[in-house]
Amino acid sequence: MPDTAQQVPHQTTEKLPRVFYRLALGDALSTYGSQLDLVALSLFAYEAAGNALGTAGYLIIRLAGGLVGGLVSGRLVARTDRRRLMTGCALAQALALVVVAFAPVSARIPVLYSLAPVFGGAAAVCAVALRTSIPEMVGSERRARANSLMASCRSAAMVLGFASAGVVVAWAGFRAALLIDASSFLVFAAVVVRLPLRTRAEPVEQPAADPADAADPAGAAGGTKRRGSRWQALIVLRAAPVVGAMAAIRLLDAFGSAAHNISLPVFANQHSPGNPAALLGMFWATWAVGNLGAQQLVSRLLLRRGIEPGERAFALGTCLMSGCFILVFTGLPTPLFLLVAIGAGLGDGFTEISYTTRIQALADERRGQAFGLLTSAENVGMGTGMLLSGSLLALLSPLTVVGVSHAVPIVLALGFLVLVARSRKR
């Protein structure tokens, strides 16, 4: 692995543009809508189909849409106006929610299944376009601070969306919940379309192509159209192999995330049969405290000292997060249970900020491909994790399933940490 030391400017303590806070709030609102519609549509599919297979089918198709969205997003963000791309993705999700909300009872499952790829694919493309654009919006030297702000707002919105989904559906019904979701995406689209920040690097004049570059697979920066269309991901991995290593870790981490998300309800029913929802709510609320704490630690301790979270923070955060999720299922006393929940949130937060900041250090034309690759890896890991973990829980305990699923990314992250350390010594 080549030297992975980051050749980027030190993070500055200068404040972010005021309008960027508006974007962060708009993104948080759309994140709230995403979590609300994930719960609402899962329950909607269960009620419409009359069994758990209805929910499983919807989630699998949605994840497949996210996988495809991740694969094509790199090319889209490179060739399409990113502001229009984000706006279009938000409007597509809003329209799909309205269609599902007003679908007749007899057509609910066909309509929901046919639109599930829209929810997954549009969310993936929008996320890649937004992450790719942040360095151009705020400047490369402030991207870690911007990522910390976005992650803080997003984490709070995720918890609020999960916490309020059941209440909204119970009190207002599915149609009202889906229309609330749709309105959150409309607000995000309105914020993005009026955002006075650039989303793409200024074009740089390229020298005339040398005929010798045609025979050089690692040649001119632009490459040929054939390479740009068929080998984009390979070019990114060759130019920045650390991205491939991080993608592999994220894939296995997503597999572990699927395992603990599926296993938590089983664990809660085993250890708190009288009120499993209270145990789940307590865990995720405490996890959110840790996640928000990570954003504060990054912004208040690291960035103010000119330290940018990078590969090592990503690897250490992965180890902390996965290790704590394993401990959650060991039946700890309540104080220790809450402590490891905070640790899981801290690790999750550090991982999110550090890998996003590291990928944003790539050149603008490669950044979208890298984020698309990572998004696809996460969707593959989450989808296979749901299928395999759900099957294994019929035979094994939640601790065994989660332990094995999270042990693998720990081992890989430790190996990655060793390689990074060796490369920096060289």
Side-chain angles (χ1 to χ4, degrees), residues 31 34-46 48-49 51-74 89 92-93 96 100 109 112-128 131 158 161-162 233 243-266 318 321-322 325 348 351-352 355 369-396 398 400-409 412:
T31 299
S34 295
Q35 304 310 311
L36 185 59
D37 80 52
L38 180 62
V39 175
L41 290 175
S42 297
L43 294 172
F44 184 84
Y46 179 83
N51 54 58
L53 290 177
T55 299
Y58 163 71
L59 291 175
I60 290 170
I61 297 173
R62 179 171 175 148
L63 285 170
L67 169 62
V68 175
L71 292 174
V72 303
S73 58
C89 288
Q93 291 178 85
V100 173
I109 286 296
L112 181 60
Y113 278 23
S114 63
L115 291 176
V118 175
F119 297 118
V125 173
C126 186
V128 171
R131 287 171 169 172
M158 285 175 62
F162 278 128
V243 174
M246 295 173 86
I249 295 173
R250 290 295 288 184
L251 186 152
L252 294 170
D253 178 45
F255 187 96
S257 296
H260 71 241
N261 275 289
I262 290 178
S263 300
L264 272 170
V266 179
T318 298
M321 173 183 59
S322 293
F325 269 118
D348 216 344
T351 303
E352 171 70 19
Y355 104 82
Q369 282 297 325
F371 276 123
L373 181 67
L374 283 160
T375 300
S376 297
E378 291 168 3
N379 279 283
V380 169
M382 188 67 72
T384 55
M386 284 184 174
L387 290 173
L388 189 56
S389 299
S391 302
L392 290 176
L393 280 172
L395 305 172
L396 303 171
T400 303
V401 173
V402 174
V404 173
S405 300
H406 273 295
V408 177
L412 192 59

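In terms of heavy-atom proximity, A377 sits nearest to A247 at CB-O, 3.6 Å. A pairwise comparison of heavy atoms in E378 and A254 identifies O-CB, 3.3 Å as the closest pair. Taking every heavy atom of both residues into account, V401 and A259 meet most closely at CG1-CB, 4.2 Å. The shortest non-hydrogen separation linking S73 to V128 is OG-CG2, 3.5 Å. The nearest pair of heavy atoms linking Y355 to F371 is CE1-CE2, 4.4 Å. S376 and L67 get closest at one heavy-atom pair: OG-O, 3.2 Å.
Here CD1 of I60 is found 13.0 Å from CE of M382. Values are rounded to the nearest 0.5 Å. Here the OG1 atom belonging to T375 is positioned 9.0 Å from the CZ atom belonging to R250, to the nearest 0.5 angstrom. The NE2 atom of H406 sits 6.5 Å away from atom CG of D253, with the distance rounded to the nearest 0.5 Å.
Judged purely by atom type and a 3.5 angstrom limit, H260 has no side-chain atom pairing as donor or acceptor with the backbone of V402. T351 places a side-chain N or O within donor-acceptor distance of the main-chain N or O of T318, the cut-off being under 3.5 Å. The main-chain N or O of S257 is found under 3.5 Å from a side-chain atom of N261 such that the two form a donor-acceptor pair.
Test L393, L392, L396 against S263 for side-chain contact (heavy atoms from CB on, under 4.5 Å) and you get one pass: L393. In summary, of the residues considered (L112, L59, L36), a side-chain contact (heavy atoms from CB on, under 4.5 Å) with L41 occurs for L112 alone.
In terms of the side chain to side chain donor-acceptor pair (under 3.5 Å) criterion, T384 has no residue partners (sequence neighbours excluded).
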